[in-house]
Amino acid sequence: MAAEIIDGKKIAEQYRAAIKASSAKFLVAHGRKPGLAVILAGDDAASAVYVKNKIAACEQADIYSSAYHLPANVSKSELLELIHMLNADIKIDGILVQLPLPKGINASEILAAIHPQKDVDGFSTTQAGNLMLGGECLAACTPAGCIELIKSTGIDITGKHAVVVGRSNIVGKPLALLLLQHHATVTVCHSKTVNLPAITKQADILVGAVGIKEFIKGDMIKKGAVVIDVGINRFDGKLYGDVEFESAVKKAFYITPVPGGVGPMTITMLLANTLKAACAIHNM
Ligand code: GUN
């Protein structure tokens with residue numbers, strides 16, 4: 001039997017409707033909308049599409065947004081100056097610097113300048129540290145979206161063996177921590193893991209977040225697993241996940257498609273974090 005497809009677009013729409021309702025309440029209470037600033041530096045085509053989608057999503061959810069498109073030769077001090085201005089802007093609750101930054105600019109240094117309360121990406125040492133310690137935090141958006149997609153299947157994460165293939169700061173590591181918070185037994189693998197299939201075949205929940213086209217094949221998946229594909233690999237004008245969908249769909253019970261799985265939830269969690277940051281600023 002083929003797996004049930006987890007419809008990220010539909011789940012995201014339901015969340016966004018709830019966020020829009022909460023934004024409306026925020027507007028009534030505070031006389032302004034929650035606000036997000038998005039900074040894009042350079043001409044990376046994929047980044048430009050992501051930023052456009054983020055701004056459109058804000059509009060639909062009644063979240064105020066401001067976009068800053070800076071040239072590829074922007075200096076570190078210009079970027080820092082903009083971030084300092086946005087840190088002080090009372091209309092702005094969340095600041096997102098789209099990655100990757102142009103070559104020669106140290107992303108860690110730029111991200112560290114964002115006020116932790118406005119770090120809606122959850123990439124700062126403060127927010128990542130809060131997540132690590134299991135406290136209240138703005139969790140990174142893609143991992144948070146993955147958790148909601150897993151929950152949407154109705155399976156209980158508690159006690160399940162979750163295998164995350166990928167160890168990035170943006171997805172693999174924070175997702176492992178979120179899965180631990182949900183009482184999963186977590187294994188983190190990566191491109192250099194020896195005998196990867198022996199480990200992935202143990203996974204009740206398997207996440208592909210390694211950034212390699214169709215890296216995970218059906219014969220690496222345990223029958224009945226929940227498979228979450230974070231990969232966005234462009235090849236010959238088409239998008240591919242980190243999971244080979246055709247073979248995986250025959251083994252999994254639930255699987256996310258690419259596109260239409262994790263992607264829409266990432267932006268949704270960004271909206272949720274912006275609202276959360278706005279409410280925290282007003283102690284709501
Ligand atoms: N580039 C790819 N994914 C992300 C993300 O989640 N946030 C930011 N800021 N940049 C990205």
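Order of appearance sets the numbers: ligands from 1, and atoms from 1 within every ligand.
Salt bridge status for Arg32 with Asp93: present, with a side-chain N to carboxylate O gap under 4.0 Å. Between Lys91 and Asp89 a salt bridge is recorded (basic side-chain N to carboxylate O distance below 4.0 Å).
A side-chain donor from one of Tyr15 and Glu148 sits under 3.5 Å from a side-chain acceptor of the other.
Residue-level contacts of ligand 1 at the 4.0 Å heavy-atom threshold are Leu96, Val97, Gln98, Leu99, Asp121, Phe123.
When the side chain to side chain donor-acceptor pair (under 3.5 Å) test is applied to His115, no partner is found at least two apart in sequence or on another chain.
A cation-pi arrangement is absent between Lys33 and Tyr64, since the terminal nitrogen or guanidinium carbon is not both under 6.0 Å from the aromatic centre and inside a 45° cone about the axis.
With hydrophobic clusters built from ILVMFWY side chains whose heavy atoms lie under 4.5 angstrom apart, Tyr68 shares a cluster with Ile114.
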